[in-house]
Structures are given as structure tokens and as C-alpha cells.
Amino acid sequence: IDTSASMQGIPLTGIKRLVRTLIEKDARDNPSGAVAFNANATLISAPTTDRMGLFPYIAGLETDGGSAIYDAILLATDELAKKEYSTMQR
């Protein structure tokens with residue numbers, strides 16, 4: 001989730017809504033996780049089957065700084081490679 005300064009206001013609000021909708025509409029019970037990035041990439045939650053537990057973390061995201069998208073992709077890929085999905089990790 002891009003939390004760089006360019007996402008301030010309506011763009012971040014829209015992304016939060018989109019992520020929430022995607023999680024709610026996924027009827028396959030796939031584990032979900034989240035990585036946020038601005039100047040740094042941050043693991044919000046490792047993949048978890050407690051997808052509804054992601055909502056408070058996503059709602060609390062704020063914008064700041066640059067855009068380290070490459071680092072975010074690497075972090076997300078590393079987390080997915082672990083294949084250790086819990087009921088909730090942060």
C-alpha cells in the first residue's frame with residue numbers, strides 16, 4: 001500500500017477502501033497480508049487467515065515521505081516465500 005506523501009487525502013482513503021473491499025470479497029479464504037511503503041517498506045501484517053484483523057492496521061496508515069516501491073515488493077515477496085501463514089501476525 002503506497003503511503004508516500006503523494007497519496008495524502010483522497011488517494012489514500014480510496015486505497016484503504018479498495019483493500020478492505022478486496023479482502024471482504026475474497027470468498028476463497030486465502031491468507032492476506034499487507035506491506036506499506038513510503039521512504040521505507042514496512043510489514044503491516046504477514047499473510048494471515050485472520051484477514052479481518054488487518055482492517056485496524058490498514059485504517060491507521062498515514063502518508064509521509066518518498067516511495068520505496070522496489071523495497072516493498074521485495075519485502076512482500078520474502079513474506080510470501082515463508083509460507084507460514086498464521087491467524088494474525090504483525
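Small disclaimer: the values here were computed from a predicted structure and weren't measured.
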Asks: Just how far is it from atom CG of Asn38 to atom CD of Glu62, taken to the nearest 0.5 Å?
Replies: 11.0 Å
Asks: Which pair of heavy atoms, one from Ser32 and one from Arg51, lies closest together, and at what distance?
Replies: OG-CD, 3.3 Å
Asks: Could you measure the distance from the CG atom of Leu22 to the CG atom of Asp26? Nearest 0.5 Å is fine.
Replies: 8.5 Å
Asks: Considering non-hydrogen atoms only, spot the tightest contact between Ser4 and Gly66 and give its length.
Replies: CB-O, 2.8 Å
Asks: Answer yes or no: does atom CD of Glu24 have more than 12 heavy-atom neighbours from other residues, nucleotides or ligands under 6.0 Å?
Replies: yes
Asks: Which value, rounded to the nearest 0.5 Å, describes the distance between Thr3 atom OG1 and Gln8 atom CD?
Replies: 11.5 Å
Asks: Met52, Ile44: one ILVMFWY side-chain cluster at the under-4.5 Å cut-off?
Replies: yes
Asks: Taking all atoms of both residues into account, what is the closest heavy-atom pair of Ala41 and Val35, and its distance?
Replies: CB-CG1, 4.5 Å
Asks: Determine whether Ile23 and Leu61 fall in the same hydrophobic cluster, where Ile, Leu, Val, Met, Phe, Trp and Tyr are linked whenever their side-chain heavy atoms lie under 4.5 Å apart.
Replies: yes
Asks: Considering all heavy atoms of both residues, which atom of Leu54 and which atom of Ser45 are nearest to each other, and what is their separation?
Replies: CD2-CB, 3.1 Å
Asks: Is it true that the side chains of Thr48 and Asp50 contain a donor and an acceptor less than 3.5 Å apart?
Replies: no
Asks: Please tell me whether Ile1 and Met7 are part of a single hydrophobic cluster in this structure, the criterion being side-chain heavy atoms less than 4.5 Å apart.
Replies: yes
Asks: Should Phe37 and Asp2 count as side-chain neighbours, where that means a heavy-atom distance under 4.5 Å?
Replies: yes
Asks: Grouping I, L, V, M, F, W and Y whenever their side-chain heavy atoms are under 4.5 Å apart, do Leu12 and Ile58 come out in a common cluster?
Replies: yes
Asks: With clusters defined by side-chain heavy atoms of hydrophobic residues (ILVMFWY) lying less than 4.5 Å apart, directly or transitively, does Ile73 cluster with Leu75?
Replies: no
